[in-house]
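Reckoned from all heavy atoms, side chains included, excluding hydrogens, waters and symmetry mates. All of these numbers come straight from a predicted model, not from anything done at the bench. Throughout, a chain's letter reflects where its sequence line sits, starting with A, and its residues are numbered from 1.
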There are 2 protein chains.
Amino acid sequence: MAQPTVPTGPDRGDRAALAGDAVRRIMHIASAMRHYQDVEVAELGLTPAAARALHELDPDRPLPARDLAEQLRCDRSNVTALVDKLEQAGLVERRVDPTDRRQKTLVVTEAGRRMRDRVHQVMSDSRLLGGLTTDELATLSQLVWKVSDGGCPEQCGGE
Amino acid sequence: MAQPTVPTGPDRGDRAALAGDAVRRIMHIASAMRHYQDVEVAELGLTPAAARALHELDPDRPLPARDLAEQLRCDRSNVTALVDKLEQAGLVERRVDPTDRRQKTLVVTEAGRRMRDRVHQVMSDSRLLGGLTTDELATLSQLVWKVSDGGCPEQCGGE
DNA sequence: TATTGTTATACTCTATAACTATA
DNA sequence: TATAGTTATAGAGTATAACAATA
């Protein structure tokens, strides 16, 4: 309660309460972060979903649309409109896979690569973590690494 | 790098990279949490937004719709449909404020109070944090407390 | 027959603008 | 005139189902 780093913390000792509180605050922080990201990404001329799609694509490893849908955890049918936007903006190209002509491979263009870098910067905007000391930041980073590595029961691709 | 709790952590020493990595992983974790929450809340018969609205309401302190919109950080116009759903489900009542007949106060019903408790449980579901030790959980909790307390430049209501 | 991408469709969420009834 | 809630509307995100081309 009166610890130096935490002005008004949750009740220690009850793991469930502690975890629940952490979850709600993580969601709160993430919501604020998303808010910022959406605004900044709009300034780049992208909708949030299109930006996330571009961000998921690896410029050095073209991907079939099917896999992008999987990475975005959404239905294939949605990827069509998303890639339409990115293609119209000259950021991505669709190429028919010669091996399997059903598949269309998504290739990030040069402009797409530059835009993706900018999107990556936005997605990494850490202004909300500015109140942490570098040590605290390192600790937080370690903990979220551990959570995203091991804590996902089902589908958790990991970057 | 080879610390016991972190198998493959980010590059230490560069604060910006550390922070960016933490942000992206927080977003990733939050996305997975939201996914779970949306599914569980749907099983309660609520849409995600309606559940969040009910969750924001304090059963012991009725609120004008205006303030709910502010807490949800969305436009007033959206609150109408949200409260319509909650009222239809018998979870919330609208009462005209006698002091200012323009205002409608949102009162959580008895059924609403029970449903809100269940929503709160869902919103506190910490299965994704299951991989952390209790000590790590306490540390994480302290850190997210610190972030959500101090790290919000603008509108950050806090619970 | 199964799969990839697409289309059509519907529902939800959210913002803007115009309206009403109060103040 | 200003404000609270509402309505109408539009854009974005996402899911389901049906379809064409390909395997």
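- We find that CZ of A:R52 is positioned 14 Å from P of D:dA12, with the value rounded to whole Å.
- In the set D:dG5, C:dT12, C:dG5, the nucleotide with an atom closest to the side chain of B:K85 is C:dT12.
- Whole-Å rounding puts the B:D97 CG to D:dT3 P distance at 17 Å.
- For the pair A:E87 CD and C:dG5 P, the computed distance is 13 Å after rounding to whole Å.
- A:D75 and A:S77 share a side-chain donor-acceptor pair at under 3.5 Å.
- Checking D:dG13, D:dA23, C:dG5 against every side-chain atom of A:D100, the shortest atom distance belongs to D:dA23.
- Atom CZ of A:R66 and atom C1' of C:dA2 are 12 Å apart (whole Å).
- Of the candidate nucleotides D:dT14, D:dT6, C:dG5, D:dT6 has the atom lying nearest to any side-chain atom of B:T80.
- The side chain of B:K104 lies closest to D:dT6, out of C:dG5, D:dT6, C:dT14.
- In the set C:dC13, C:dT4, D:dG13, D:dG13 carries the atom at the smallest distance from any side-chain atom of A:L82.
- Side-chain contact annotation: B:S124 with A:R24, donor-acceptor N/O pair under 3.5 Å present.
- Residues forming a side-chain contact (heavy atoms from CB on, under 4.5 Å) with A:Q71 (at least two apart in sequence, or on another chain): A:E56, A:L63.
- One donor-acceptor pair, N or O on each side, does fall under 3.5 Å between the base of D:dT16 and the side chain of A:S77.
- Between the CZ atom of B:R76 and the P atom of D:dA2 there is a distance of 15 Å, rounded to whole Å.
- Between A:A50 and B:R94, the residue anchored nearer the 5' end of DNA chain D, judged by the nucleotide with its closest heavy atom, is B:R94.
- We find that CG of A:N78 is positioned 14 Å from P of D:dA17, with the value rounded to whole Å.
- Distances were taken from every side-chain heavy atom of B:R101 (C-beta onward) to each of D:dT22, D:dA12, C:dT22; the shortest belongs to C:dT22.
- Distance, B:R34 CZ to D:dG13 P: 13 Å, rounded to whole Å.
- In this structure, A:V119 is not a member of the same hydrophobic cluster as B:I26, with clusters built from ILVMFWY side-chain heavy atoms closer than 4.5 Å.
- Heavy-atom contacts from other residues, nucleotides or ligands closer than 6.0 Å to CZ of A:R101 number 12 or fewer.
- In this structure, B:D84 and A:D75 both approach DNA chain D, and ranking their closest nucleotides by distance from the 5' end singles out B:D84.
- For a distance-only test at 3.5 Å, the side chain of A:R102 qualifies as a donor-acceptor partner of the base of C:dT3.
- Distance A:L68 CG to C:dT4 P: 14 Å, rounded to the nearest Å.
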